Amino acid sequence: MNSWRDKLIYIILVGSASTSILIVVLIFVFLGKEAFSFIWDPGFSELWHTKWIPVSFKKEIFGILPLMTGTLLVTALATLLMIPFGVLGAIYVAELASDSERQILKPFIEILAGVPSVVIGFFGLVVLSPIIKHLFGLNTGLTALTGAILLAFMAIPTVLTVSEDAIQSVPRAFREASLALGANQLQTIFRIIVPAALPGIIAAIMLGVGRVIGETMAVLMVTGNAAKITLNPFDSVRTMTATIAAEMGEVAFGSHHYQALFWIGIFLLIMTFLLNLMAQRVLRKYQMR
Amino acid sequence: MVNNVKTKLASEHVDFFYGSNQALFDIQMKIPENSVTALIGPSGCGKSTFLRMFNRMNDIIPGTHHTGRILFEDDDIYSANTDVVKLRQQVGMVFQKSNPFPKSIFDNITYGPNIHGLKNKKKLEEIVEKSLKGAALWDEVKDRLHESAMGLSGGQQQRLCIARALAVEPQVLLMDEPASALDPKSTAHIEELIGELREKYTIMIVTHNMQQAARVSDYTAFFYEGNLIEQGETTQIFMNPHEQKTEDYVTGRFG
């Protein structure tokens, strides 16, 4: 009786733990099923063109390279922006802020984390993009940089909160040992606490990057949606997610265009997978345990 | 305590408070130079709090305050013009639980000298060797100085922490139950080490273990409920205590 119950509990636990494996496999299978036949007709190599012209009177072109560079450019810019604000902010909140300061800061960080991305997109469209346009003297304010700034806004609370947890979970003993050797507070923070919290901080950044890569609505609204290969932050770009969101609703079911959109989904998944792998490599390198 | 030796540290009428909770009551004490002074007493008697007064480690606990004076060679270390960094360089500390940084053995030792501005590699290597020898750890780790300190055994980690404290060339070592988390063999090692360090340093050690106090110290102070009940030469405290409370404690009637 007892062992039977133990077995049931065990099965429930294993089942719950493996749900995510099942879901990932299912997603892959599902994406693959829809995208599969594109490999022969019109051919896998059709994806590697430098232009994305899915609707045309002449020849449709499904090159996803400009969408990939768009996503990479926006993500890289957003990451560059969110790391200093997120990590330095976390250091301040965890180590230097007084209790009353923390009581003001924390609710605002949480509110920012909860703002729906379409609202942030609105803000970007109406407020940020005119500023960018005038500041840099551009023809349009709908640029990769505009999208990146909005994405950084969205990711900073995640990076900050998770980094703060990592910093706070550094044992007090390290802090005391450093202070007792005559280190001042900043030396203790930057030479002992931050290195000890680095694995958690890297995890926080990766969570932020994950959010940025996957984000759709805000970038759809403010990046200008021009599918071209560029590394210029002041150009309009089109990301992979925005393409899927914008075109999925109107595409003919089962068409080449439809299948190409699923390939974008597959590559998006592969990119996030590689990102996780990279994060783990970095983690292992820095962990001195 | 004793008049013919130089006093290194002293406390004058020290009261200490955690919030409104008074932890120390009017402590008067003199710590002679180049000797080992043990602080004994039951848990919560204030001995660790008292120890942490001497390198101002209590400063980092919010809501605490004190009255009275703590003297380091006749200077009040809580006066406004005291350089806390300098003080902690001169008064090193070893904690109850060994707390090496998650860095290499080498980097653990050089951390202190490094933050005080020493960058010369050759000089740092000399300090590492000297400190590790001083903590009787050199022979065990000399071939793996660049491996993580977290890979050492508990006893080795604690000696590394002692070496780390020695690396900034302090004059005083404060030890807060340095052997309480160690096995008997490592404990013996640490006690032996304390015996050697006494030649060059003034040592204050908090301990729960009365045999340890008897073995390693020259002077002993007995604390009870935040009061300093009795202080004197260790042999006198253990063999011939003047106070009834002290006798009850050292003979194991309570504790």
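These numbers were taken from a predicted model, which means no experiment stands behind them. Letters A, B, ... mirror the listed sequences (proteins, then strands); counts begin at 1.
Of all the listed residues (A173(A), P171(A), A180(A)), the one sharing the greatest number of non-hydrogen pairs under 4.5 Å with chain B is A180(A). Residue with the most contacts toward chain A among I115(B), N55(B), V94(B), D83(B): I115(B) (heavy-atom pairs, distance under 4.5 Å).
For T75(A) (side chain) and V209(A) (main-chain N/O), no donor-acceptor pair under 3.5 Å exists by modelled atom type.
Proximity to chain A is limited to the backbone of P100(B), based on heavy atoms less than 4.5 angstrom apart. At a 4.5 Å heavy-atom cutoff, the contact between R191(A) and chain B is made by backbone and side-chain atoms alike. Contact of R56(B) with chain A is not made at all, since no heavy-atom distance falls under 4.5 Å. Looking at I60(B), the atoms closer than 4.5 Å to chain A (heavy atoms on both sides) all sit in the side chain, from C-beta outward. There is no contact between Q185(A) and chain B, counting heavy-atom distances below 4.5 Å.
Across V25(A), V24(A), L31(A), a single residue satisfies side-chain contact (heavy atoms from CB on, under 4.5 Å) together with I27(A), and that is L31(A).
Ionic pairing of E164(A) and R102(A) is not present here: no N-O contact between side-chain nitrogen and carboxylate oxygen is shorter than 4.0 angstrom. A salt bridge links E169(B) with K130(B): at least one charged nitrogen is closer than 4.0 Å to a carboxylate oxygen.
Using cut-offs of 30° and 60° for the angle between ring planes, the H65(B) and F17(B) rings count as parallel. The aromatic rings of F223(B) and F50(B) sit tilted, their planes meeting at an angle between 30° and 60°.
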